[in-house]
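Reminder, nothing fancy here: chain letters follow the sequence lines and each chain counts from 1. No hydrogens, no waters, no symmetry mates; every other heavy atom, side chains included, goes into these values.
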There are 2 protein chains.
Amino acid sequence: MRVSAAETVFKALREAIEEGKISVGTGLDSEAVLARQFGVSRSVIREALRSCNALGLTETRTGRGTFVISNTVARDLVLGRYSARDLIEARPHIEVPAAGRAAQRRTDSDLEALRGIVEAMVEEDDPEAWVSLDAAFHAAVAGASGNGVFAGVVAELRDAMANQSETLNLVADRREKSNREHARILAAIEQGSYEEAAHAMEMHLREVESALGSIIGEDNND
Amino acid sequence: MRVSAAETVFKALREAIEEGKISVGTGLDSEAVLARQFGVSRSVIREALRSCNALGLTETRTGRGTFVISNTVARDLVLGRYSARDLIEARPHIEVPAAGRAAQRRTDSDLEALRGIVEAMVEEDDPEAWVSLDAAFHAAVAGASGNGVFAGVVAELRDAMANQSETLNLVADRREKSNREHARILAAIEQGSYEEAAHAMEMHLREVESALGSIIGEDNND
DNA sequence: ACGGGTGAACTTGTCAGACAGCTGGACAGC
DNA sequence: GCTGTCCAGCTGTCTGACAAGTTCACCCGT
């Protein structure tokens, strides 16, 4: 399958920028020069630059030139924020099977990490730090599932949740319950039972959801 | 601050696509027609289309035109690629509940878009184009779920899958089966039944998985 | 009749050349 | 030293042209 010249130039530029061969802040050669270098017309260069601009890698200023403003695709451009309702609805569908797989595939170092987090949470008094550990626990479970998709999605959800402060309002009572539920999940994962781990996670999320629901206010009807 | 015509056109197109005014699977007007509509030259239109392509919203095929392949920005621009095994394992956990929610929440324009894709798939002979439409169908179902997390994750999986050519090897026989299964999913969504839509999607994914499994050969190499 | 080849009419891909508008800096005049 | 002008270089846009890929109706030989 033939690829267009514009796409070839785009890929070359993107690679050069992402690999740091062209450092952030510097300006690219002018369109005319690039056209000569790549042996194509200016239109082709311009189309390639528009692609780089769309990804947030570069920025073109009239009369001046095109400048590298980032060596990674802009996340903000791509990732929308998720609503609390969407997060609560989606979590179980991903984390429950992830916990099950974790029970089947966890390595020794996975278990070690999980135990460490669970212990730390028990002794943690500061609510903010506790919430961080909570997020770390869920991410670690997903990571232990050995499935990159689960791990990636949960990591993304964790980022989105971190920006929602409702979790902080969980009363100390609820935190203790969560600690016990986490311990139960960990035990099931240690034991290697898909069913039990998945069930323990499901129960946990259901508990958290109802606790959060009473805080947020259940206006999720459509 | 003057903005370039190309950027104006790009934003207009992007908004139209993301808001569903141009549904997934459909083709845009030709560059010449767009140029007349926007009152600009073809170069401007082409630069705007390159931006849309870079974001994974559209795809341009030589001699045919530019087609909308997603109404959300491609996530794998940012995130890493996933292995085939991970994708196959994770898909049902996300797409099944997404189909169920779609049955409860789909709008009229959601249904219209889905019908369009299903019809187009029946008449599509080119395997590559068919796979694109298949991906568009699954993304549209997730989009109709009204849950940004589902839509985002499926969009991400779609992008990752598009880069795995195994799907292309599906024989025509399997494609016809898929078309029927898609029709069944669509019918359940139209009917508004969570259970039926979820079940239809689950069956469909199971069928596809076994078909793919026999091609790939069950080994977990990426 | 009918299957297959063929070309016309579209589409995108690329090129070359032109000119307007913007920007920064050199330079002359005060 | 300060200011205003001018110019070289850049991006933004347009135009017209042709190559190459795609589609589909039409025609020709059987």
Q: Enumerate the residue pairs fulfilling salt bridge (Lys or Arg N to Asp or Glu O under 4.0 Å) with a member in residues 34-43 of chain B, sequence neighbours excluded, ordered by first and then second residue.
A: B:Glu31-B:Arg42
Q. What is the per-nucleotide protein-contact pattern of nucleotides 6-19 of chain C, from the 5' end, where B denotes a base atom under 4.0 Å from a protein heavy atom, S denotes such proximity for sugar-phosphate atoms only, and - denotes neither?
A. -----BBBBB--B-
Q. Does B:Glu15 come within less than 4.0 Å of B:Lys11, counting only side-chain N to carboxylate O?
A. no
(Q) Is the distance from the ring center of B:His204 to that of B:His199 below 6.0 Å? (A) no
Q. Will you find, in the side chains of B:Asp29 and B:Gln37, an N or O donor that is under 3.5 Å from an N or O acceptor?
A. yes
Q | B:Phe67 CZ - D:dT23 P separation (whole Å) | A | 8 Å
Q: Run the salt-bridge test on B:Arg115 and B:Glu190 with the 4.0 Å N-O cut-off and return the result as yes or no.
A: yes
